[in-house]
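One structure is given below, encoded as structure tokens.
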Amino acid sequence: MSTYTTEEPTLVTDAAVSTRLSSLDTLESEAIHIIREVVAEFEKPALLFSGGKDSVVMLHLATKAFWPGKVPFPVLHVDTGHNFPEVIDFRDRTVERLGLKLVVGSVQEFIDRGELAERADGTRNPLQTVPLLDAIQRNKFDAVFGGGRRDEDKARAKERILSLRDEFGQWDPRNQRPELWNLYNGRHTVGQHVRAFPISNWTELDIWRYIERENIELPGLYYAHDREVFARDGMWRAVGEVSQPLPHEEVITKTVRYRTVGDMSCTGAVESAAADVSAVVLEVAASTITERGATRADDRISEAAMEDRKKDGYF
Amino acid sequence: MSTETSLLGTGLSSASLFRFATAGSVDDGKSTLVGRLLHDSKAILADQLDAVARTSADRGFGGEKGGIDLALLTDGLRAEREQGITIDVAYRYFATDRRSFILADCPGHVQYTKNTVTGASTADAVVVLIDARKGVLEQTRRHLSVLQLLRVAHVIVAVNKIDLVEFSESVFRDIEADVQKVARELGLGSDGVADLLVIPVSALDGDNVVDRSDRTPWYTGPALLEVLETLPAADELEAELESFRFPVQLVIRPQGALAPDAVAAGLDVEAYRDYRAYAGQITEGSVKLGDQVTVLSPGHEPRTTTVTGIDFAGRELEEAAAPQSVAIRLAEEIDIARGDTIAAAGTVRESTADLYAALCWLSPKPLREGAKVLVKHGTRTVQALVRNVTGKLDLATFNLEAASSLELNDIGHAQLRLAAPLPLENYLHHRRTGAFLVIDPIDGNTLAAGLVKDHPGDHEDERYVI
Ligand SMILES: Nc1nc2c(ncn2[C@@H]2O[C@H](COP(=O)(O)OP(=O)(O)OP(=O)(O)O)[C@@H](O)[C@H]2O)c(=O)[nH]1
Ligand SMILES: [Mg+2]
């Protein structure tokens, strides 16, 4: 992770004002403005933090927004119970390093209590909605920061930066508030809450260029490594406790990396030799396929998979 | 490996951002045009194109001939695909060798005008589509009025479906003349605020979208993408002209009463014991160390002091400019809170509680005289009373007609009395400090986009704070 939090101030003499801000600086500035607005206008915000690259960038932006103060809100993780162990480890180390409070909503506990049922396909991504809403209500969070980006999916492309959710966490895409200039209206009634998406306008490539520029640490599985995998649904799936090959699925060792890290049972790896961040930036710039198309089985189920999940209160 | 040099070819090194939106009447081809731009600039990845090709085939798009319904690239909601219309704005991203674009594909249907205003409010340029077979329609006039109201820096009119009128020059010229007439009546393209360009295109076939077409030999101007790549962004146009404005979002005081011991991990607590800075985003102009600034807070006389620090995440800057987010330290310990404004000394007016405004009414709940509303301006929200509605724009004549209420999609003028004074500035010259929201105090919904006008009989340079 970048060292800016441990360094004493250094004087920047080549003031960056003579030319227009680069697109990355503009996006960073916009995101910080949104994060500060939400903190100023809401009573109890929280940030969704999974250890995935978008949420890591979100947390990095939050630390910059309040420097030299601490990030003034807790982080919230919905643990599917099928996460990559190295990602959970990364999550815990990061939270500890920044001295933050971590709230965990557990899909497994809901299943154990019989309040959620395992799906036939074994995927737990769609099961995250109920524990998420439960954690929001239980902790009385009135705003939840998400790392959703509009370039991820055509339904996300339609969402406002501040997105109002009703008592059931539902998104009503046909009736969104106008969102004018950079004046964000976060008014809500009791029981409603707001999802805030400060990095809405970032693309996958922006995220990687920013990670490179800011020297941000990520879980190792984002970079090329050797792993035992098998082919399913046109993706490379890791062999693990919750993702076992069927008898006809041959296990081989490949050099892979992950473009998204979600539930192990539905996230696939891509073959890649990109072992460091600059190699990943180049790979993403040259990619001919979207990150979700490449790596998420759950989004391939139907044309409106994401829209349906979002309407029900998903991230 | 040097990423910067190897990325130059893909145009993704350090390009600046340019935001544009589409507008125009329903079915004029906005989404198809956006799909065409994305497709021809190779911004569509293989899996997205496959998905759209499958859906197009399922729906029998293009009849016998087949083809891809490019509108499906942005019409991402199920209801949109089922009805074949756009309901809400879709944001898409693409980059060329010259710049990175944020593109907002807006709906044309009158019912969803509020979403089109949303898309246009942040745009550097708006592409207004006109169906060559239909010419300028009422909705075209409505959208052009909105763009004029919002002072969108560049308006490009694309006369679309030129393939359906046999690439006829005379059809194009007639529409072009109509557009010029509307623009003149509206005052678009005059006074150096917006420029106006008219281009014949076929969104479906790609003529004059990315490359100039040889099917319109009589058109000698640039293709749409060439224009979008070279227009200056709004903040480039304005940077030189504007004085420093900084609405305070929050106070960063790690050792303050609100947040004892809240210094970030790894920092020396002692070093920041007395730290106090005002966080915000510079909305206009720029600021340097040592600059004299005036602080405007309600209930206080304007106070003038000196900038002693401009901080950004552990770096001390010598200067900063819009739209940077920074934290500013001042020489004097003065009481400053969220909602206050820091501005270059000698450039601001006194705050006022009388608000004269143009409103773009976006709610089915009409505006009535005597109503109580909330006004959100910068980082401050205050109560307000609607004293009177002073006029409503007639889309047929562009005259301001007498009115006592504003209904959904009306553009009108009104006078409001604020419960507390605000540092209001004319939107004509200050796109940020001249903009506000009208909010319903009951359900919290946004009712209108508001644009500050001068007080009647006011002269620019009176009421200056020293
Ligand atoms: N022949 C021809 N048809 C076109 C052209 N552009 C769009 N169309 C067709 O016009 C219809 C409407 O296109 P859309 O792109 O959905 O229109 P829109 O302006 O986005 O509509 P709304 O967003 O609902 O206002 C579709 O059937 C398109 O295929 C064109 O240049 N030539
Ligand atoms: Mg459309």
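Model, not experiment: these values are computed from the prediction. Values below: all heavy atoms of this structure, side chains included; hydrogens, waters and symmetry mates excluded. So that the names make sense, note that chain A is the first sequence line, chain B the second, and so on, each numbered from 1.
Contact annotation for B/R54: neither backbone nor side-chain heavy atoms come within less than 4.5 Å of a heavy atom of chain A. Looking at B/A448, only its backbone comes within 4.5 Å of chain A, counting heavy atoms on both sides. Only the side chain of B/Y112 comes within contact range of chain A, with heavy atoms under 4.5 Å apart. With a threshold of 4.5 angstrom between heavy atoms, A/A31 does not approach chain B through any atom at all. When heavy atoms are compared at a cutoff of 4.5 Å, B/L374 approaches chain A solely by way of its side chain, counted from C-beta outward. The contact between A/N182 and chain B is made by backbone and side chain atoms together, counting heavy-atom distances below 4.5 Å. Only the side chain of B/L250 comes within contact range of chain A, with at least one heavy atom under 4.5 Å from a heavy atom of that chain. For A/H33, the parts lying under 4.5 angstrom from a heavy atom of chain B are both the backbone and the side chain. Of the two parts of B/L150, only the side chain, counted from C-beta on, holds a non-hydrogen atom closer than 4.5 Å to a non-hydrogen atom of chain A. Only the side chain of B/I102 comes within contact range of chain A, with at least one heavy atom under 4.5 Å from a heavy atom of that chain. Contact annotation for B/S363: neither backbone nor side-chain heavy atoms come within less than 4.5 Å of a heavy atom of chain A. Within the 4.5 angstrom heavy-atom criterion, only side-chain atoms of B/Y275, from C-beta onward, approach chain A. The part of B/D443 that comes within reach of chain A is its backbone (N, CA, C, O), which places non-hydrogen atoms under 4.5 angstrom from that chain. Interface residue B/Q48: only side-chain heavy atoms are found under 4.5 Å from chain A. Only the side chain of B/T86 comes within less than 4.5 Å of a heavy atom of chain A; its backbone N, CA, C and O stay farther away.
Distance check: B/Y91 OH to A/E159 CD gives 11.5 Å after rounding to the nearest 0.5 Å. Taking CG of A/N175 as the start and CG of B/D88 as the end, the distance is 9.5 Å to the nearest 0.5 Å.
In summary, B/E80 and A/R174 do not engage in a salt bridge, as defined by a charged side-chain N under 4.0 Å from a carboxylate O. Using a 4.0 Å cut-off between charged nitrogen and carboxylate oxygen, B/R19 and A/E30 count as a salt-bridge pair.
The shortest distance between side-chain heavy atoms of B/F312 and A/E28 falls below 4.5 Å. B/T118 has its side chain within reach of A/R160: a pair of non-hydrogen atoms, C-beta onward, lies under 4.5 Å apart. Counting only heavy atoms from C-beta outward, the side chains of B/P254 and A/K70 never approach each other to under 4.5 Å. In this structure the side chain of B/Q324 reaches within 4.5 angstrom of the side chain of A/L21, judged on heavy atoms.
Between chain B and the residues A/P173, A/P72, A/A65, the largest count of heavy-atom pairs under 4.5 Å involves A/P173. Of the residues considered (B/G119, B/G450, B/A123), B/G450 shows the highest number of contacts with chain A, using heavy-atom pairs under 4.5 Å. Contact tally against chain A (heavy-atom pairs below 4.5 Å) for B/I44, B/T283, B/N445: the top residue is B/N445. Contacts with chain B were tallied for A/N185, A/T203, A/D206; A/N185 has the most, counting heavy-atom pairs under 4.5 Å. Of all the listed residues (A/L24, A/L183, A/I32), the one sharing the greatest number of non-hydrogen pairs under 4.5 Å with chain B is A/L183. Ranked by heavy-atom pairs under 4.5 Å with chain A, the first of B/V89, B/L73, B/D105, B/T379 is B/V89. Considering only heavy-atom pairs separated by less than 4.5 Å from chain A, the leading option among B/A104, B/A279, B/A327 is B/A279.
A/K64 contributes no side-chain N or O that, together with a main-chain N or O of B/A313, makes up a donor-acceptor pair within less than 3.5 Å. For the pair B/S121 (side chain) and A/L180 (backbone), a donor-acceptor distance under 3.5 Å is absent. Side chain of B/K376 to backbone of A/Y184: a donor-acceptor contact under 3.5 angstrom is found. The backbone N or O of A/Q176 sits less than 3.5 Å from a side-chain atom of B/K114, completing a donor-acceptor pair. Side-chain N or O atoms of A/S22 include none that pairs as donor or acceptor with a backbone N or O of B/S16 at under 3.5 Å.
The shortest non-hydrogen separation linking A/S23 to B/S100 is OG-OG, 4.1 Å. What you find for B/Q249 and A/A40 is that their closest heavy atoms are O-CB, 3.6 Å. Residues B/S325 and A/R36 share a closest heavy-atom pair of CB-NH1, 3.8 Å.
A/Q192 is linked by a side-chain hydrogen bond (donor to acceptor under 3.5 Å, both in side chains) to A/T189, counting only residues two or more places apart in sequence or in another chain.
Under a cut-off of 6.0 angstrom, the local environment of CG in B/D58 is crowded, with over 12 non-hydrogen atoms contributed by other residues, nucleotides or ligands. Heavy atoms from other residues, nucleotides or ligands lying under 6.0 Å from NZ of A/K44 number more than 12. No more than 12 heavy atoms of other residues, nucleotides or ligands lie within 6.0 Å of CD in A/E96, so this atom counts as exposed by the packing criterion.
Checking A/N201 against B/Y93 by side-chain atom types alone, a donor-acceptor pair falls below 3.5 Å.
Judged as a salt bridge (Lys or Arg N to Asp or Glu O under 4.0 Å), not a single pair has a partner in residues 175-187 of chain A (not counting sequence neighbours).
Aromatic ring centres of B/Y272 and A/W67: separated by under 6.0 Å.
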- [ ] Take B/R338 and A/E37, measure what side chain to side chain contact (heavy atoms under 4.5 Å, CB included) needs, and give me the verdict at the end.
- [x] CA-CA 10 Å; B/R338 173 174 173 82; A/E37 278 304 282; 2.9 Å; yes
